[in-house]
Amino acid sequence: MFRLWGKIWKDNHMLQDMVFKEESDDTRTHKIFRGLDAVCQEFDLERPIWLDKTVAEFQRHSKARFYQDSFIEEVPFDYLEIQVIEEG
C-alpha cells in the first residue's frame with residue numbers, strides 16, 4: 001500500500017487535506033506523480049512545477065512544499081504540502 005497525504009496551508013492552519021491510496025506495483029516515482037495529480041484534481045489546482053529545492057526536500061524527507069513560485073496562477077494559500085505516509 002502506498003499513501004500520499006496532500007494538505008493546503010494558510011497562516012499556519014490546514015485548510016484542506018486528502019490521502020491518495022494506491023496498491024499497484026508501479027514505481028515510487030509514478031505513484032508520487034499520480035498522487036500529486038489526484039491531490040491537485042481534488043483541490044482544483046493546476047499541477048505545480050517541481051523546482052530543484054522542492055526535489056531536494058522531497059528526496060531528503062519524503063515531504064515537499066509547493067509555494068507560490070511553483071504555480072503559474074495565483075493561489076489563495078501559503079503552500080501545498082505532500083508527504084508520503086506509507087510505502088510497502
Under a 4.5 Å cut-off applied to non-hydrogen side-chain atoms, are [X] and [Y] in contact?
{"X": "V19", "Y": "Q83", "result": "no"}
{"X": "L45", "Y": "I8", "result": "yes"}
{"X": "L80", "Y": "F71", "result": "yes"}

Within the supplied structure, the quantity of interest is the number of heavy atoms (other residues, nucleotides, ligands) at a distance under 6.0 Å from [X] [atom1]; does it exceed 12?
{"X": "R34", "atom1": "CZ", "answer": "yes"}
{"X": "W9", "atom1": "CH2", "answer": "yes"}
{"X": "E46", "atom1": "CD", "answer": "yes"}

Looking at K31 and D25, does any basic side-chain N land under 4.0 Å from a carboxylate oxygen? no
Can a salt bridge be assigned to the pair E81 and K7 using a cut-off of 4.0 Å between side-chain N and carboxylate O? yes
How far apart are the closest heavy atoms of [X] and [Y], and which atoms are they?
{"X": "I32", "Y": "L4", "value": "O-CD2, 4.2 Å"}
{"X": "D69", "Y": "K53", "value": "OD2-NZ, 3.2 Å"}
{"X": "F43", "Y": "G6", "value": "CZ-O, 3.8 Å"}

Pick from F58, F77, W50: which one makes a ring pair (Phe, Tyr, Trp, His ring centres under 6.0 Å) with F66? W50
Given R3, R28, K63, the one that forms side-chain contact (heavy atoms from CB on, under 4.5 Å) with V84: R28
